[in-house]
Amino acid sequence: DTLNELLPRSIFELENAILELDITDLNDGLKAESSKPSPDSGLIVSIMAKILEKQKLKKVYAKLIGDRVITPVSRM
């Protein structure tokens, strides 16, 4: 493999790992806010929107690095 192939893949893998950490932090913040006696619903919605946005980016990066993308099935 050449450097031209390995470098972009490494960068995408790093960005994907950073997104995973961001999503974990946001989930922790969501749990903390939800467990408060009087949670701020606006903040909860904002955190959920950020999580959704980062999950979409993570899906793009996963496709770029060749990882499998598993999307949970919605039960409606």
Side-chain angles (χ1 to χ4, degrees):
D1 292 319
T2 65
L3 185 60
N4 291 334
E5 295 171 5
L6 294 176
L7 188 59
R9 179 180 171 88
S10 297
I11 292 171
F12 290 142
E13 287 176 353
L14 176 63
E15 290 177 356
N16 194 36
I18 291 170
L19 280 173
E20 284 183 30
L21 292 173
D22 288 347
I23 291 170
T24 300
D25 289 343
L26 287 169
N27 278 327
D28 291 344
L30 183 62
K31 288 177 189 174
E33 185 62 33
S34 297
S35 65
K36 287 183 178 178
S38 57
D40 181 359
S41 61
L43 181 59
I44 290 174
V45 170
S46 172
I47 293 172
M48 290 172 70
K50 288 177 185 177
I51 291 171
L52 183 62
E53 177 184 328
K54 292 197 183 274
Q55 285 175 336
K56 287 179 183 178
L57 277 173
K58 190 173 178 309
K59 188 175 180 180
V60 170
Y61 284 127
K63 286 182 181 178
L64 288 171
I65 60 177
D67 283 353
R68 290 182 57 192
V69 178
I70 300 173
T71 308
V73 178
S74 170
R75 296 183 185 180
M76 290 186 153

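Only this structure's heavy atoms are used, side chains among them; waters, hydrogens and symmetry mates stay out. Heads up: numbering here begins at 1 and tracks the sequence.
Contact check on R9 versus E13 returns a salt bridge, with a Lys/Arg side-chain nitrogen under 4.0 Å from an Asp/Glu carboxylate oxygen.
I18 forms part of a hydrophobic cluster together with L14, judged by ILVMFWY side-chain heavy-atom separations under 4.5 Å.
Between the S46 side chain and the G42 main chain, no donor and acceptor come within less than 3.5 Å of each other.
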Do any side-chain atoms of residues 47-56 form donor-acceptor pairs under 3.5 angstrom with protein atoms, and if so which ones, sequence neighbours left out?
residue	atom	partner	partner atom	Å
K54	NZ	D22	OD2	3.4

Would you list the atom pairs, donor with acceptor, under 3.5 Å between side chains in residues 26-35 and any protein atom, with sequence neighbours excluded?
residue	atom	partner	partner atom	Å
N27	ND2	I23	O	3.3
E33	OE1	K36	NZ	3.0
E33	OE2	D40	N	2.7
S34	OG	L30	O	2.8
S35	OG	K31	O	3.2
S35	OG	A32	O	3.0

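Residue pairs satisfying the ring-ring contact (aromatic ring centres under 6.0 Å, His included) criterion with at least one member in residues 8-56, sequence neighbours excluded, are listed as follows: F12-Y61. Counting only residues at least two apart or on different chains, no ring-ring contact (aromatic ring centres under 6.0 Å, His included) pair has a member in residues 32-57.
Take E15 and apply the salt bridge (charged side-chain N to carboxylate O under 4.0 Å, His left out) test, not counting sequence neighbours, and it matches no residue.
In this structure, the side chains of V60 and L64 come closer than 4.5 Å at one or more pairs of heavy atoms.
In this structure, the separation between CG on L7 and OG1 on T2 is 10.0 Å, given to the nearest 0.5 Å.
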